[in-house]
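Order of the sequence lines fixes the chain letters, A, B, ..., with proteins taken first and strands second; residue numbering starts at 1 for each chain. Computed from a prediction, not measured in an experiment: that's the story for all the values here.
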Number of protein chains: 2
Amino acid sequence: MATPPPAPHRAKGRPRSAAADRAILDATREALAEVGWGGLSIGQVALRAGVAKTTLYRRWPSKNELVMDAVATQLEELEVTDLGSLRADIEDVVAQFAALLSRPETQAALLALFAEGTRDAQLRKRIRQTIVDPQKRLVRQGRANAQARGELDPDCDEASAAEEIDIIFDTIAGTVEHRMLVSGEPVTPDWISRFTTLLLNPLPGFRA
Amino acid sequence: MATPPPAPHRAKGRPRSAAADRAILDATREALAEVGWGGLSIGQVALRAGVAKTTLYRRWPSKNELVMDAVATQLEELEVTDLGSLRADIEDVVAQFAALLSRPETQAALLALFAEGTRDAQLRKRIRQTIVDPQKRLVRQGRANAQARGELDPDCDEASAAEEIDIIFDTIAGTVEHRMLVSGEPVTPDWISRFTTLLLNPLPGFRA
DNA sequence: CAGATACGCTACGACTCGTAGCGAAAGAGC
DNA sequence: GCTCTTTCGCTACGAGTCGTAGCGTATCTG
């Protein structure tokens with residue numbers, strides 16, 4: 001995403017330092033992981049980033065925007081994969097999610113952002129557009145690949161398939177989030193394998 | 001849980017007002033939903049609860065403890081059900097989760113608590129014991145009921161079954177949390193039905 | 001070189017924090 | 001009913017942070 005901070009930027013005088021941007025966003029994530037949302041002070045972030053406090057205020061009007069950008073810049077790494085089978089692709093997506101959520105700074109920043117989103121409809125909308133939707137695209141692409149490979153029934157209602165994808169995405173993202181962010185337990189390859197099995201197959205031992 | 005605030009309480013002088021406790025916890029949840037974790041000030045909570053600021057400081061040493069109790073007192077309502085079929089039981093559990101997470105005050109308080117948990121190992125442990133484990137028991141009981149009704153294969157490895165339950169719980173809780181708390185989308189009976197279908201059956205159109 | 005913008009620094013009023021001290025209120029125990 | 005003990009509400013306090021303004025310097029454009 002690399003949202004450049006809101007700036008008029010008429011490209012006339014001295015341009016804004018891109019290095020400062022990176023330093024600030026890094027410092028924001030670190031500070032958030034250490035002192036939490038409540039303890040996050042602009043002054044401390046500026047000190048840690050090695051910039052003046054006023055520089056920070058000039059670029060980001062509120063904590064929300066700052067943390068939003070700090071998180072978004074860390075979320076560009078998810079990639080669509082085609083490993084040859086639906087199962088392998090799903091496991092890969094889950095592993096990518098897990099890797100993303102494994103960094104303590106990302107954990108704190110994401111959850112703090114989600115918490116703020118419950119109070120700020122506009123922020124929640126930005127979260128959806130910036131974080132959720134791109135991830136959802138990943139799952140959609142994975143399904144399309146599987147269909148192209150002939151792993152899925154071709155005669156399947158298109159409309160309901162779209163809804164299924166939403167549910168599947170919520171399931172994948174939510175399950176990993178819950179395990180790592182709430183319970184704080186690790187997501188191992190073994191766990192990923194079992195989870196994928198549960199997703200693809202009927203409940204073990206269950207006769208429908 | 002109804003954790004009484006830490007108090008020596010030698011039962012000699014004037015006892016602590018239980019009404020004040022309730023007022024404080026209610027005010028905490030409301031304030032959290034309005035101003036968020038960062039904006040949550042003890043002074044404001046006291047004002048809203050109609051008690052003196054000093055009274056609050058006497059009972060709860062930190063914001064973490066206060067919010068923890070504020071959330072815990074709202075989470076006692078989940079109940080084990082036996083509606084006669086595994087599918088119905090699962091749908092009921094999902095519906096209970098959804099009802100719990102539908103209140104804006106609970107949403108904000110829970111996510112704020114989770115966010116703090118990423119920085120505070122002790123708090124995370126309390127979250128597990130107070131919130132996660134009781135909910136997990138629900139799923140375990142549901143599975144036991146299904147097994148008693150003969151809905152599950154009797155000859156199923158016990159050890160791996162326990163691990164399956166953990167995964168299933170993470171899946172149920174995480175999916176609902178993600179949809180309601182992150183995306184902010186509603187959990188309707190129709191959605192619950194589709195989600196349960198996905199959980200119990202193989203991926204639609206997928207040939208394993 | 002002149003113009004324009006960003007940067008770092010300092011100082012400022014306004015606000016909130018958590019604590020201490022006090023008299024009054026409210027039960028417990030005899 | 002009387003006394004003792006603890007809590008309660010109130011006020012005042014120093015400490016600290018907030019976000020902003022002003023100014024001189026640094027850095028890039030044309």
Side-chain angles (χ1 to χ4, degrees), chain A residues 2-28 30-32 34-70 112 116 119-120, chain B residues 3-28 30-32 34-70 112 116 120:
Chain A
T3 305
H9 235 343
R10 276 186 288 157
K12 258 191 142 182
R14 173 178 178 178
R16 288 194 170 168
S17 161
D21 269 0
R22 267 183 287 108
I24 290 172
L25 294 178
D26 288 346
T28 301
E30 290 171 14
L32 206 50
E34 286 181 18
V35 298
W37 181 278
L40 185 70
S41 92
I42 303 290
Q44 289 296 321
V45 171
L47 187 64
R48 187 192 297 257
V51 303
K53 198 169 53 156
T54 42
T55 299
L56 241 154
Y57 279 112
R58 279 190 201 105
R59 306 191 182 193
W60 284 279
S62 78
K63 264 204 246 185
N64 281 355
E65 314 284 334
L66 176 60
V67 175
M68 182 76 215
D69 285 345
E116 288 302 301
R119 308 186 302 104
D120 183 343
Chain B
T3 305
H9 237 344
R10 276 186 287 158
K12 258 191 146 183
R14 173 179 178 177
R16 287 194 171 169
S17 161
D21 269 0
R22 267 183 289 107
I24 290 171
L25 295 178
D26 287 347
T28 301
E30 290 171 14
L32 205 50
E34 286 181 20
V35 298
W37 181 278
L40 185 69
S41 92
I42 304 289
Q44 288 296 321
V45 172
L47 187 64
R48 186 192 298 257
V51 302
K53 197 169 55 157
T54 41
T55 299
L56 241 153
Y57 279 112
R58 280 191 202 101
R59 307 191 182 192
W60 284 278
S62 78
K63 266 204 242 183
N64 281 356
E65 314 283 334
L66 176 60
V67 175
M68 183 76 214
D69 285 346
E116 288 301 302
D120 183 342

>> Quiz question: going by heavy-atom distance under 3.5 Å, is there a donor-acceptor pair between the base of D/dG19 and the side chain of A/R58?
In response: no
> Which heavy-atom pair separates B/A46 from B/K53 by the least distance, and what is that distance?
Replying inline: CB-CA, 3.7 Å
> Rounded to the nearest Å, what distance is computed from the CG atom of residue A/L56 to the P atom of nucleotide D/dC18?
Replying inline: 11 Å
>> Heavy atoms only, 4.0 Å cut-off, all strands: where does B/T54 land among base, sugar-phosphate and nothing?
In response: base
> Rounding to a whole Å, what distance do you find between A/W37:CH2 and D/dT17:P?
Replying inline: 19 Å
> Among D/dC28, C/dG18, D/dT7, which is the nearest nucleotide to the side chain of B/I42?
Replying inline: C/dG18
> Hey, does A/K63 have a side-chain heavy atom less than 4.5 Å from the side chain of A/L40?
Replying inline: yes
> Within this structure, what is the CH2-to-P distance between A/W60 and D/dG19, rounded to whole angstrom?
Replying inline: 15 Å
>> With heavy-atom distances below 4.5 Å as the criterion, would you say the side chains of B/D21 and B/D69 are in contact?
In response: no
>> Given the structure, check if the side chain of A/K53 and the base of D/dG19 hold any donor-acceptor pair shorter than 3.5 Å.
In response: yes
>> Please give me the minimum heavy-atom distance between A/W37 and A/A112, naming the atom from each residue.
In response: CE3-CB, 3.4 Å
> With respect to the side chain of B/A52, which nucleotide from D/dC10, D/dT20, C/dA6 is positioned closest?
Replying inline: D/dC10
> Can a donor-acceptor pair under 3.5 Å be found between the side-chain atoms of A/R14 and the base atoms of C/dG3?
Replying inline: no
> Do A/Q44 and A/E34 come within less than 4.5 Å of each other through their side chains, counting heavy atoms only?
Replying inline: no
> Quick one: A/K12 NZ to C/dA2 P, roughly how many Å, whole number?
Replying inline: 16 Å
> Whole Å only: how far is the OH atom of B/Y57 from the P atom of D/dC8?
Replying inline: 16 Å
>> Please report the distance, rounded to the nearest Å, between CG in A/L47 and C1' in D/dG16.
In response: 15 Å
> Side chain of B/R16: nearest nucleotide among D/dT17, D/dC8, C/dT19?
Replying inline: D/dC8
> Taking CZ from B/R59 and P from D/dT6, how many angstroms apart are they, rounded to a whole number?
Replying inline: 16 Å
